[in-house]
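Notes follow once the structure below has been shown.
Keep in mind that this is a model prediction, so the values were computed, not measured. To find a chain, count down the sequence lines: A is the first, B the second, and so on, and within it residues start at 1.
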Amino acid sequence: MIDLRLVRDDPEQVRDSQRARGEDPEAVDRLLAADAGRREAVSTADALRAESNTASKAIRSASADERPGMIERAKSLKAQVQEAEAAQAAADAALLEAHRAVPNVVSDGPPGGEDDFEVLREVGAKPTLENPRDHVELGTMLKAIDVDRGAKVSGSRFYFLTGVGALLEFGLLQLAMNQAMDAGFTPVIPPALVLPHAMEGTGFLGAHAAEVYRVDDHYLVGTSEVPLAALHGNEIFDAADVPRRYAGFSPCFRREAGSYGKDTRGIIRVHQFDKVEMFSYVAPEDAADEHQRLLAWEEQFLSALELPYRVIDVAAGDLGSSAARKFDCEAWLPSQARWLELTSTSNCTTYQARRLNIRYRSDAGTAPVATLNGTLVAMPRAIVALLENHQQADGSVVVPAALRPYLGGREVLTPA
RNA sequence: GGUGGAGUCGCGUAGUGGCCGAGCGCGCACGCCUCGAAAGCGUGUGACGGUGCAAGCCGUCCGUGGGUUCAAAUCCCACCUCCACCGCCA
């Protein structure tokens, strides 16, 4: 949720943000009205409660004669309080609904929709390959990826990673975790099933609700951002506790509803995959700098894998509701001669923390922290990019030097 | 899954209907004392909301949600979590 003070003090800024996202600026005015309505209801109820408390307290020291009349008066006050409290509850609910309807205020990124991103830089040389094989062909030759049997066992968009495919994931995991720990992250294995409040608090039951699998009373997370954000829900950090950084490794589950026909081949878009996610809790004034650091760590990792990539500044209309700004790193995909999103980092400022009630104590008092997340490595797409970019004419794949220690020193993966 | 016990202001605890709208100890902060410190003494100590220029005032919060009552930490109901033991199990 956004800061209500901002809405009261500078509603036009929030309306501008809505326009940049291509969403309704009127939502801001509905929020202002709900806010005013709630404050009035609270004042009314507070005053009645105060009167009722006083009347009730006086009974204790009253004489036996006075009592019956005073109790009658207290009873009637109580009835009024109950009425006012019902009105307050309704006003609270209305405010919450209007509050949640407004996504985070965008900052600095380009306005517009999915195609209005801005390319910030391109790093590394695209490989020169004649008739490059795609990752499915390479993965099959290496006996690393088995999509046919994945479909046989679990349906479309499932796969087996076998042999060197599995080893690649383990290697990527180790490399990622080591880099994260060097940067001061705490490694975490979080739960992959969470309660509704955790999913709700991170904003994944809004526009993304159709993406989420549900099992009995739990949701399957689509990213470990969810448990890592909810980890400190309802807590207050001391100022010295931030920044705090976690690197979570978890499976991720996505229904991929509405993506029929997109990325149907191979393991680019799948229902289940593993990912290492960076998550930071920082003081709000440090959030923009932390966002740059997360991006730098993502780039460091892509560089270690020797992948050609570009960085884009995602347009406002393509941001999630919690994000104020987002950068994606896209690796080159030789088989399709296009860029493929490999990592993504979002600055959620205090939006998510306000929903999850995560604060820190500073000299200025208690205030919501800022939260940020960024992909360090999403396994299937990293493997896709590795295989395709480092392939050789014979179908063998060169292992980047940084990964070799985790693959028994192997320099090249060769078809069996 | 079964049985029993427990959840109170950072931590430990007191508290079985109105003197608890929460006491004490520890911790922490400030002050006094001191050359400095410790000890000692004193004062203070949370969150959220409303209102106000502000000081302040008012309201809410004793795991959560309901209920009884003029009045609930305290009584009733449901739920959650933790601990112990038993059973089962990777």
Side-chain angles (χ1 to χ4, degrees), chain A residues 1-9 31-100 102 189-201 215-219 227 230-242 244 249-251 281 283-284 350-370:
Chain A
M1 295 179 288
I2 64 173
D3 189 347
L4 272 182
R5 276 169 307 185
L6 177 66
V7 183
R8 290 173 195 155
D9 298 345
L31 176 53
L32 277 170
D35 180 42
R38 188 198 74 107
R39 284 195 281 174
E40 195 188 323
V42 167
S43 287
T44 304
D46 274 2
L48 277 168
R49 260 192 297 262
E51 199 182 343
S52 170
N53 286 344
T54 309
S56 179
K57 202 155 60 167
I59 292 172
R60 178 165 51 85
S61 49
S63 71
D65 286 349
E66 294 170 319
R67 277 196 177 224
M70 294 175 76
I71 288 177
E72 275 317 301
R73 183 174 127 73
K75 271 186 181 172
S76 97
L77 275 170
K78 185 200 169 194
Q80 291 179 55
V81 166
Q82 282 177 332
E83 210 170 295
E85 283 181 339
Q88 187 188 335
D92 280 340
L95 174 62
L96 187 63
E97 192 188 339
H99 202 173
R100 291 200 166 174
V102 178
I189 298 176
L193 281 87
V194 299
L195 293 169
H197 78 264
M199 203 53 110
E200 182 72 49
V215 179
D216 294 334
D217 295 332
H218 289 88
Y219 290 102
L231 174 64
H232 289 296
N234 294 317
E235 293 182 22
I236 303 178
F237 290 109
D238 286 328
D241 291 336
V242 294
R244 182 171 296 211
F249 172 67
S250 79
Y281 297 87
T350 56
Y351 188 91
Q352 205 170 49
R354 212 171 255 111
R355 276 193 150 190
L356 291 162
N357 195 25
I358 307 169
R359 292 161 290 169
Y360 78 115
R361 234 184 298 272
S362 71
D363 296 336
T366 350
V369 296

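Across all strands shown, B:rC62 remains unpaired; no Watson-Crick or G-U wobble contact has both distances below 3.5 Å. Pair assignment for B:rC30: B:rG42, on the basis of Watson-Crick or G-U wobble contacts that are both within less than 3.5 Å. Using Watson-Crick or G-U wobble geometry with both donor-acceptor distances under 3.5 Å, B:rC11 finds its partner in B:rG25. Base pairing of B:rC57 is made with B:rG50, judged by Watson-Crick or G-U wobble geometry with both donor-acceptor distances under 3.5 Å. With a cut-off of 3.5 Å on both pairing distances, B:rC20 has no Watson-Crick or G-U wobble partner at all.
Listed by chain and number, the residues in a side-chain hydrogen bond (donor to acceptor under 3.5 Å, both in side chains) with A:His99 amount to none (sequence neighbours excluded). Applying the side-chain hydrogen bond (donor to acceptor under 3.5 Å, both in side chains) rule to A:Arg73 yields no partners; only residues at least two apart in sequence or on another chain are considered. A:Asp46 meets the salt bridge (charged side-chain N to carboxylate O under 4.0 Å, His left out) test with A:Arg49; sequence neighbours excluded.
Across the P atoms, B:rA29 and B:rU34 are found 22 Å apart, a figure rounded to whole Å. The gap from the P atom of B:rA55 to that of B:rC77 amounts to 46 Å, rounded to the nearest Å. Across the C1' atoms, B:rC62 and B:rG46 are found 13 Å apart, a figure rounded to whole Å. Using atom C1' as the reference point in both B:rC76 and B:rU16, the two lie 14 Å apart (nearest Å). For the P atom pair drawn from B:rA78 and B:rU3, the interatomic distance equals 14 Å after rounding to whole Å. Remark: the separation of the C1' atoms in B:rC86 and B:rU74 is 33 Å, to the nearest Å. Taking atom C1' in both B:rU8 and B:rU81, one finds a spacing of 16 Å when rounded to whole Å. B:rG4 and B:rC24 are spaced 30 Å apart, taking the C1' atom of each and rounding to whole Å.
Checking side-chain atoms of A:Arg38 against main-chain N and O of A:Ala94 turns up no donor-acceptor pair under 3.5 Å. No side-chain donor-acceptor contact under 3.5 Å links A:Asp238 to the backbone of A:Ala240. Judged by distance alone, the side chain of A:Arg354 and the main-chain N or O of A:Met1 form a donor-acceptor pair under 3.5 Å.
Rounded to an integer number of Å, the gap from CD of A:Glu40 to P of B:rU51 is 10 Å. Between A:Arg8 atom CZ and B:rG49 atom P there is a gap of 9 Å when expressed in whole angstrom units. Distance A:Asn357 CG to B:rU64 P: 13 Å, rounded to the nearest Å. Rounded to an integer number of Å, the gap from A:Leu95 CG to B:rG49 P is 11 Å. Rounded to an integer number of Å, the gap from CZ of A:Phe237 to C1' of B:rG10 is 15 Å. Regarding A:Asp35, its CG atom lies at a distance of 9 Å from the P atom of B:rU51, rounded to whole Å. Between the CD atom of A:Gln82 and the C1' atom of B:rU60 there is a distance of 16 Å, rounded to whole Å. One atom, CG of A:Asn234, and another, C1' of B:rC61, lie 13 Å apart when rounded to the nearest Å.
To the nearest 0.5 Å, the span separating OG1 on A:Thr350 from CZ on A:Arg359 amounts to 13.0 Å. Taken from NE2 in A:His197 to CG in A:Asn234, the straight-line distance is 7.5 Å, to the nearest 0.5 Å. With rounding to the nearest 0.5 Å, the separation of CZ in A:Arg8 from CG in A:Asp3 is 8.5 Å. In this structure, the separation between CG on A:Asp92 and CD on A:Glu85 is 11.0 Å, given to the nearest 0.5 Å.
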Give each protein N/O atom lying under 3.5 Å from an N/O atom of nucleotides 44-47 of chain B, with the pair distance.
{"unit_1": "B:rA47", "atom_1": "OP1", "unit_2": "A:Thr366", "atom_2": "OG1", "d": "2.9"}
{"unit_1": "B:rA47", "atom_1": "O3'", "unit_2": "A:Arg359", "atom_2": "NH1", "d": "2.6"}
{"unit_1": "B:rA47", "atom_1": "O2'", "unit_2": "A:Arg359", "atom_2": "NH1", "d": "3.2"}

Nucleotide N/O of nucleotides 78-82 of chain B paired with protein N/O under 3.5 Å:
none

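Distances from the side chain of A:Lys75 to the nucleotides B:rG49, B:rC70, B:rU51 place B:rC70 closest.
Here A:Ser56 lies in heavy-atom contact (under 4.0 Å) with a base.
Near-neighbour residues of RNA chain B inside residues 46-55 of chain A, defined by a heavy atom below 4.0 Å, number-ordered: A:Asp46, A:Arg49, A:Ala50, A:Asn53.
Atom CD of A:Glu97 has 12 or fewer neighbouring heavy atoms from other residues, nucleotides or ligands inside a 6.0 Å radius.
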- Message: Assess the residue pair A:Arg244 and A:His232 against the criterion (side-chain contact (heavy atoms from CB on, under 4.5 Å)); give the C-alpha distance rounded to whole Å, side-chain angles, the decisive distance to 0.1 Å, and a yes or no.
- Response: CA-CA 11 Å; A:Arg244 182 171 296 211; A:His232 289 296; 3.7 Å; yes
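Contact detail for A:Thr54 and A:Ala50: the closest heavy-atom pair is OG1-O, 2.8 Å.
Nearer to the 5' terminus of RNA chain B, by closest-nucleotide assignment, is the contact made by A:Arg38 (compared with the other of A:Arg38 and A:Ile71).
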